Amino acid sequence: MKSFFSANSLTRLLIITLLALTTASCGFHLRGNYMLPDGIAKLSLTSFDPYGQLTRMVRYQFKLHGISEVAPAKNVPNLNINSESQGERTLSIYQNNGKAEYDLTLTVNYSVTIPNQGQQTYTTKVTRTFLDNPLTALAKSVEQDELVNVMREQAAQQIMRKLARLTTVFNKIEEDKLDSQLKEILNEEDKKESSDETGKTIITTLPAKQSNTVIEHDSHNAQ
């Protein structure tokens, strides 16, 4: 009875099965309002401004969602806040060319590092419209500072939403690496099969040539 699968086919099936098991996602648990990966239940936090308002708000989000902040280490996932910047875009002006209304944009650059998986860098932006009243300069300054703090809080929330999608992002990276490895393995298997088939062909053709030589020799002797 013939076997339905060759040895090489079984080898390929075993390789594909092992790679598929390797890419299985880790578990998720509900923390606060987000389903966060178990892999970031403990997370280190570093920042360009360790005592700034944005860093404090991200740290508050950690507590809110049950993430334990730990000291940075090689085997611990890390969230690093790289920078924070503000920008303005004028929407309307007064008759004296003073700004009457403008968009205020807060941009935060940060990176997430997962041990043995890699690092990803992200940018989050929050934009709000601000009305400028030149007659109340002091009140305007206080109001703008309050608005920026609200924007920082929203940026911290956006960072948490990105963390909730981290497992999908890094699993995709891992799958791409494993797909590349699988292609290399299969290519090697194909080359090996091709080499084996070529060797078999050479072996089967040699006896025919030897047989012709023997016949010619016998005919010469007969003469």
Side-chain angles (χ1 to χ4, degrees), residues 30-37 39-74 76-115 117-170 172-173:
L30 182 64
R31 297 189 179 92
N33 297 323
Y34 306 119
M35 295 293 291
L36 296 178
I40 59 171
K42 293 182 179 180
L43 195 64
S44 63
L45 175 63
T46 52
S47 174
F48 75 101
D49 185 9
Y51 305 103
Q53 189 70 15
L54 176 62
T55 305
R56 290 199 297 268
M57 289 183 174
V58 171
R59 186 169 284 115
Y60 172 75
Q61 290 292 323
F62 277 17
K63 295 179 181 179
L64 187 64
H65 296 93
I67 297 177
S68 300
E69 183 182 354
V70 297
K74 291 183 178 180
V76 175
N78 172 260
L79 168 63
N80 182 61
I81 304 175
N82 300 319
S83 64
E84 172 195 315
S85 60
Q86 300 176 27
E88 298 179 0
R89 184 174 66 92
T90 302
L91 300 178
S92 62
I93 59 174
Y94 293 111
Q95 292 181 349
N96 62 357
N97 292 329
K99 289 186 297 184
E101 183 181 17
Y102 58 90
D103 277 345
L104 185 62
T105 300
L106 176 72
T107 302
V108 178
N109 295 311
Y110 63 98
S111 58
V112 182
T113 303
I114 303 296
Q117 289 189 314
Q119 180 185 82
Q120 290 286 295
T121 301
Y122 303 98
T123 299
T124 186
K125 293 184 179 182
V126 180
T127 300
R128 291 291 179 269
T129 301
F130 186 76
L131 299 176
D132 192 348
N133 187 352
L135 300 179
T136 57
L138 181 59
K140 178 195 70 175
S141 178
V142 173
E143 183 181 354
Q144 181 172 334
D145 289 344
E146 292 177 351
L147 179 60
V148 170
N149 282 334
V150 171
M151 295 166 68
R152 288 191 178 107
E153 183 178 1
Q154 293 174 343
Q157 293 171 354
Q158 290 181 10
I159 292 173
M160 296 304 299
R161 285 195 289 270
K162 179 61 70 174
L163 289 178
R165 295 193 291 268
L166 269 185
T167 295
T168 301
V169 172
F170 282 101
K172 181 62 171 61
I173 296 174

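Positions are given from 1 along the sequence. What you see is a predicted model; the values in this text were computed from it and never measured.
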K.L.:
Would you compute the distance between atom CD of Q144 and atom CD of E88 and round it to the nearest 0.5 angstrom?
P.N.:
6.0 Å
K.L.:
Do the non-hydrogen side-chain atoms of I81 and F48 ever get within less than 4.5 Å of each other?
P.N.:
yes
K.L.:
Start with the C-alpha distance between M57 and N149, add both sets of side-chain angles, then the distance that settles side chain to side chain contact (heavy atoms under 4.5 Å, CB included), and finish with yes or no.
P.N.:
CA-CA 9 Å; M57 289 183 174; N149 282 334; 4.2 Å; yes
K.L.:
Do F130 and E143 have side chains that approach each other closer than 4.5 Å (heavy atoms only, starting at C-beta)?
P.N.:
yes
K.L.:
Ignoring hydrogens, what is the shortest heavy-atom contact between S111 and N82? Give both atom names and the distance.
P.N.:
N-ND2, 3.6 Å
K.L.:
Do N78 and T113 have a side chain donor and acceptor closer than 3.5 Å?
P.N.:
no
K.L.:
What's the spacing between Y102 OH and R128 CZ if we round to 0.5 Å?
P.N.:
14.5 Å
K.L.:
For the atom pair CE (M151) and CD (Q158), what is the distance rounded to the nearest 0.5 Å?
P.N.:
10.0 Å
K.L.:
For the residue pair A155 and V108, what are the closest heavy atoms and their distance?
P.N.:
CB-CG2, 4.1 Å
K.L.:
For the residue pair F62 and L45, what are the closest heavy atoms and their distance?
P.N.:
CE2-CB, 4.0 Å
K.L.:
Which salt bridge (Lys or Arg N to Asp or Glu O under 4.0 Å) pairs, counting each pair once, include a residue from residues 53-62, with sequence neighbours left out?
P.N.:
R59-E69
K.L.:
Exactly one of T90, T127, T129 should register a side chain to side chain donor-acceptor pair (under 3.5 Å) with D103. Which one does?
P.N.:
T129
K.L.:
Are any non-hydrogen side-chain atoms of I159 and Q61 less than 4.5 angstrom apart?
P.N.:
no
K.L.:
S83: what forms a side chain to side chain donor-acceptor pair (under 3.5 Å) with it, not counting sequence neighbours?
P.N.:
N109
K.L.:
Verify the distance criterion only: is there a donor paired with an acceptor across the side chains of D49 and T55 at less than 3.5 Å?
P.N.:
no
K.L.:
What pairs with Q86 under side-chain contact (heavy atoms from CB on, under 4.5 Å), at least two apart in sequence or on another chain?
P.N.:
E84, L104, L106, V148, R152
K.L.:
Yes or no on side chain to side chain contact (heavy atoms under 4.5 Å, CB included) for M160 and I67, after CA distance, side-chain angles and deciding distance?
P.N.:
CA-CA 10 Å; M160 296 304 299; I67 297 177; 3.6 Å; yes
K.L.:
Given side chains that start at C-beta, do those of P115 and P77 come closer than 4.5 Å, heavy atoms only?
P.N.:
yes
K.L.:
Work out which heavy atom in S44 is nearest to a heavy atom in V76; give both atom names and the distance.
P.N.:
N-CG1, 4.0 Å
